[in-house]
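Let me begin by presenting the structure, written as structure tokens, before commenting on it.
Naming: A, B, ... by sequence-line order, numbering from 1 per chain.
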Amino acid sequence: MEDYIVELTVNGERISSPVKPEESLLKFLRRNGFTEVKCGCEKGECGTCTVIINKKTVKSCIMLALQARGKEIWTAKGLEKQELGRKLQESFVNTGAIQCGFCTPGIIVTAKNYLDQNPIPDKGEIKKAISGNLCRCTGYKKIVDAIYAVAVENQKSI
Amino acid sequence: MVPFKYISPKTKNEVLEILKEEKVKACIVAGCTNVLPNIRDKKIVSKVLVDISDIEELRGISKEKDKVCIGPLTTIAELTNSEAISKEGEVLYQAAEQFADPIVRNNATVGGNLVTASPAADMAVPLLTLDAILKIESIERKRGVRLKDFFIGPEKTILREDEMITGIEFESSNINKNGCFIKLGLRKAMAIAVASIAVNLEVRENKIAQVRIAMGSVAPTPIRLTVVEGFLKNKEVNSNGLIEEAINKVREEVDPISDIRASAEYRRYVSGILFKRAFNKLT
Amino acid sequence: MSEFKIVGKPIPRHDAWSKVTGDLKYADDFSLPGMLFAKVLRSKYPAAKIISINIHKAEQLKGVQAILTAKDVLHNETVTKFGQSTEVGKGFEGLYRVLADKEVRFMGEAVALVAADTEEIAEEALDLIVVEYEPLPGVFDPVEAMKPGAYLVGENGTNIIGEFGCGQGDIEKGFAKAEVIIKDTYKVPFVDHAYLETEGGIAWIDDYGVINIRVGSQVIEHFRDVADVLGLPHNKVRYIGTMMGGGFGGKEDITVETYLALLTWKTKKPVRLVYTREESILSHSKRHPFIMKYKVGAKKDGKLVALDAELVADAGAYPYLSPWVTLYATVNAAGPYCIPNVRVKSCCVLTNNTFTSANRGFGAPQPNFAYESIMDELSHKLNVDSLEIRRINCLTTGKALSTTGQVFKTHVALPEVAEKAWAALGEPVECKEENRKIGRGLAIGLMSYGRMTFLHDSSRSYVRLESDGSVLIRSGIPDLGGGQVSLLCQIVAEELGIPMSRIKIYYSDTALTPLAGTTTATRQTYMSGNATLKAAREIRKRVINKAAEMLNVNPEKLDIINEKILVNYDQSKYLPLVKVIKACNTAGIELFCEAQFNAPFTITPDLLNIRGMTFPDFTFGAQAVEVAVDTETGQIEVLKLVTCYDVGKAINPLSVEGQMEGGSIYGMGYALIEEVIMEKGITMTPSFAEYIIPTAVDVPDVKAILVESGGGLGPYGAKGIGEPSCSIIAPAILNAIYDAVGVRIKSLPASPEKIIRALKKDYFEK
């Protein structure tokens, strides 16, 4: 019955695994060990499962695994290896932008992809950019500050 | 339980063939923002998932000489990045910027938003005031349908089981260039409209030459307010009491329900306010 | 000790990196070979008799390994304890049923459990279980439920499960002296905790026959309750707590643990159970709705003379923590004010709504909303400004709580916090738009930290100094995201003069870590902080004494800084810490210590006349906001939000600010948009599409002002902040709305519709 195979790359690593047609990309990723992609609502309403697919952010709970065939996916874990991702992670750590940490990987992913395209946003733009990612602990203040700190650094280096 | 199947056709015609073959068993998947939650809720079971997301001919925005064509697979994010949309149909552009959130906008498609036929559909409301025409195809025939004739009830459209939307068009015209969309939600992102409005207006020599008004979440489907439109047509823009009277007529024409977000009475009331604000912005 | 090296510094938490990379494994990120997947069959009715349950078809389904119903549970009717060492009795404990038996009392109540080879099979099996119900009328309004002849939710002959009272003076005489009296009724709704991680865990039986449960829980002491349900000795059940993706009180009661234990015990295989979001909203506890009747009397100058409050809390379908929450509300009912004549009466009542229990604030946010709204009414009626009316009435150090008479021996930072918060609003935002009005509001409040003293609370912690100078901490402390675990590392690093990186902490394991009590009641900084401080100081004393002997100086002259023990008047004289450790080891001096900290113990009070100490101490704070109200749509925008608390001592300012910022927004959601809507017991807001919480674009930049009086009972004078931080923002916002448009909203949330209905009475009444 399971004759559907998904092949894709996650954080530069090639993954191949049989799937059911209705399996979400989120379930697929978690099943394959990418547990940094969190499951918060499975309805596209919380953003904890956000990943980057071919340079766009996607809530992986509302995408079929089969729709990601052949695509290049990045998660928070993989962003560790990229300069901007690492900078953001460092900024989150130092700013205290983390409490329970459950929204953190999704927000890091969103912020990284956003800053790639808009390197020096203001705080209002940052808020808009992360408005699809819920956080229940921080009140968003330190998250926005952490992303903004990286934007300020970007501006200096331009 | 019969298991799901998955097909990813590469051309429009392949899709139409599959629809003809599978009929009700087929479930078209594109942005998937509604399909997966519905699968999880068991509202969609045992279907053949027809993934059309790779069909390039159904995607993209093109400006022809007197009209703008939008492929149904065009994402909401693509609308927000389109000069043609912001120039020729700003009302749609404004609605796209308020749609869900930036991440969902990367996946959600215009066609998907229309066929879901939610009374709150954020794309339907501006496309109604752009007087959009849907190109609908089956393997046997093609037809063009005005969007205002497309919805027949909550989550119900005239689309037959072997048909799909293959294009969305609106005219390049003065009235379409002058539009305003306002959405009233309970929060500023990821909001489902409590009420939404789009108004497109063309004023000539201080008179309302043409006006189109559409609203979301105030009736079983997104609606055009044709009575109000008729009332306003040919009236002087600044005539005394015009807006007040129009507000009353808006409140008469809408047909809202009470739900968890607001009561029918509030929706009726605020419909008038939204109309006033959109109208004032355009005059 | 000289000045702090690590305490009080805004340092990253020890676990921060594992969270930004996503390496940290939460409850749902863990699996075991051969594990089964569990699902819960839930009631479709809020009130019904169970005529029969037929599991025959479901059992036949290939891949189904176990199906359990109430008859399979040895002790199905149970009382959860929360690690307290006293038997408080008096119907004061959280009775509930593991699985519904003969009847269901709320929609979503667990009826049967399934374990199967895959999640899909488990789900299919749920569909094959046939439950025959006979729907019952039920009762959904607590006031209705109190009336004689009301539908009875439980078996006790009354729906009232707890009654409380307290006060002082003579209420009649008090009101006789009043020159102005305000009477009003305030209502607050059900709300969800909306932590982003739903409830989940995995259980297995280890080589020694012990049930291990790896779960996100605020109360690992529930291992005893789980063991009791299964009829096992307590040492045969072990909790391994994970970091939680938020708790806020919602993971204080048992969630998945008993189900996991039952299924793993039955199948002898590992079992995983994770709730979906919908299941979580449907089935876990909610914050108590309250109906609060208030009458307040004052002199013309604003001085309060009498307060009479009647509180009714909706307990939902089972008691759980309702009596405790109601007691908190009762004690908090007169706020931080000196009022000579006070009477508070309260009760909690069973209904067929989803059960209610702990939610951040635990009975404080509700009365705080009521009394701070009244104070604002008074301020407008008497034309005494908001700050002044609070200044002349508020408690100060040495005064006593007007409800119970508990005397404040520690520092009371009122009205200082109020002045600071109010001033921090700065110049008002200018607004020329006709339909947009700006307004400001203030609220002050108090909330306890530490558990009720008659529960005889204690916490234990273990610290061991290794021979290489690294440190191992073992503490049962659960961490729900507030940084509870990291806090202990910081205290030990400070005391033993080592960097955070030299510390490894094991936490939240009932078999291997000393029990630290619950991460609830804003108690861990205070309780486990003190226990850990005590253990660390004991070890510090031992190494310093040894070093003193080696250096031949008075131990009082020694300090440990940067892994050196040095003479504080001559820092060139020192010994490397490692060298002293070696000497201690050679001499047989123990460099480990398990310490216990006890809170003050009191006897259980007369619940109808609560007097004296009920809590160890309180945290005081103030919040000020500026809002814009759209007078045509009723939409509210919070433009500025200031939160100012006396936190005693901020051990980690980043974490404390985080609590204050996050708590403010948690409370802002309560004020403006959050409500679990229940219609006749049916949840109408079953997912995050309907139950909405604030997004990044809905919030102002919260300004947090930390006052550090050093007057707390925690380590270094710290106070608790987790729950107080969210408990007064709602009245501040609603007072600001009144200031902007003259509309007093008396029921939360202050939705646009409520505001418009009040503003446009002409339209809506026609």
Side-chain angles (χ1 to χ4, degrees), chain A residues 1-6 19-28 39 41-71 106-107 109-111 113-114 117-118 121 124-134 140, chain B residues 1-10 25-55 73 75-78 80-81 97-109 112 116 185 187-192:
Chain A
M1 187 180 82
E2 294 204 346
D3 46 7
Y4 299 96
I5 304 282
V6 167
V19 295
K20 285 193 174 165
E22 71 274 23
E23 185 171 30
S24 68
L25 178 60
L26 166 65
K27 288 244 161 122
F28 173 87
C39 175
C41 73
E42 289 195 87
K43 213 178 172 182
E45 296 284 349
C46 79
T48 56
C49 66
T50 307
V51 296
I52 298 170
I53 302 185
N54 290 9
K55 305 197 170 160
K56 276 185 194 158
T57 47
V58 165
K59 294 183 179 180
S60 61
C61 70
I62 44 173
M63 180 168 184
L64 296 175
L66 281 160
Q67 290 183 301
R69 279 186 299 187
K71 303 220 157 111
I107 296 189
V109 164
T110 302
N113 201 58
Y114 180 71
Q117 287 149 33
N118 309 274
E125 289 166 325
I126 292 169
K127 282 184 173 186
K128 274 192 187 169
I130 62 164
S131 63
N133 295 85
L134 294 178
Y140 303 102
Chain B
M1 234 187 316
V2 183
F4 280 90
K5 284 185 194 156
Y6 174 88
I7 317 175
S8 54
K10 293 289 169 276
K25 277 191 285 168
C27 170
I28 291 183
V29 184
C32 211
T33 54
N34 284 312
V35 171
L36 256 169
N38 283 337
I39 289 175
R40 211 168 58 81
D41 289 349
K42 302 205 167 79
K43 286 180 193 156
I44 296 176
V45 286
S46 309
K47 295 274 188 181
V48 177
L49 301 173
V50 186
D51 179 7
I52 60 170
S53 53
D54 284 341
I55 303 177
L73 280 187
T75 64
I76 313 304
E78 283 161 349
T80 63
N81 292 325
E97 286 216 300
Q98 295 174 56
F99 189 97
D101 67 78
I103 308 171
V104 168
R105 295 203 282 268
N106 286 333
N107 261 31
T109 65
T116 303
R187 61 179 174 187
K188 289 186 193 162
M190 293 196 273
I192 295 169

ask   = Of all of K56(A), K43(A), K59(A), K128(A), which one pairs up most often with chain B through heavy atoms under 4.5 Å apart?
value = K59(A)
Just verifying a value: how many Å separate [X] [atom1] and [Y] [atom2], rounded to the nearest 0.5 Å?
X	Y	atom1	atom2	value
S24(A)	R40(B)	OG	CZ	9.0 Å
N106(B)	N113(A)	CG	CG	8.0 Å
E42(A)	D41(B)	CD	CG	10.0 Å
C27(B)	E22(A)	SG	CD	11.5 Å
I7(B)	L66(A)	CD1	CG	12.0 Å

I62(A) and V104(B), any side-chain heavy atoms less than 4.5 Å apart =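 A side-chain contact under 4.5 Å exists here.
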query = Would you say the side chain of L64(A) lies within less than 4.5 Å of the side chain of V29(B), judging by non-hydrogen atoms?
reply =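 Side chain of V29(B) against side chain of L64(A), heavy atoms only: contact under 4.5 Å found.
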If I compare all heavy atoms of [X] with all of [Y], which pair ends up nearest, and what's the gap?
X	Y	value
K5(B)	Y4(A)	CA-OH, 3.4 Å
A189(B)	S131(A)	CB-CB, 3.5 Å
K71(A)	D54(B)	NZ-OD1, 4.4 Å
M190(B)	E45(A)	SD-O, 3.4 Å
Y6(B)	P21(A)	CB-CB, 3.7 Å

By salt bridge (charged side-chain N to carboxylate O under 4.0 Å, His left out) - contacts of K25(B) (at least two apart) = E22(B)
query = Is the backbone N or O of A30(B) less than 3.5 Å from a side-chain atom of Q67(A), with the two atoms forming a donor-acceptor pair by type?
reply =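 Answer holds: yes.
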key: Side chain, backbone, both or neither of T110(A) within contact of chain B (heavy atoms, under 4.5 Å)   =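 Side chain only.
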key: Derivation of the side chain to side chain donor-acceptor pair (under 3.5 Å) call for R69(A) and S8(B)   = CA-CA 11 Å; R69(A) 279 186 299 187; S8(B) 54; 3.1 Å; yes
Portion of T33(B) that has a non-hydrogen atom of chain A nearer than 4.5 angstrom = both
request  = Using non-hydrogen atoms and a 4.5 Å limit, figure out which bit of R187(B) sits close to chain A: side chain, backbone, both or neither.
outcome  =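 The side chain, not the backbone.
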query = Do you know which of D51(B), I39(B), I44(B) has the most heavy-atom pairs under 4.5 Å to chain A?
reply = D51(B)
key: Test side-chain contact (heavy atoms from CB on, under 4.5 Å) applied to I103(B) and N133(A), step by step   = CA-CA 9 Å; I103(B) 308 171; N133(A) 295 85; 3.3 Å; yes
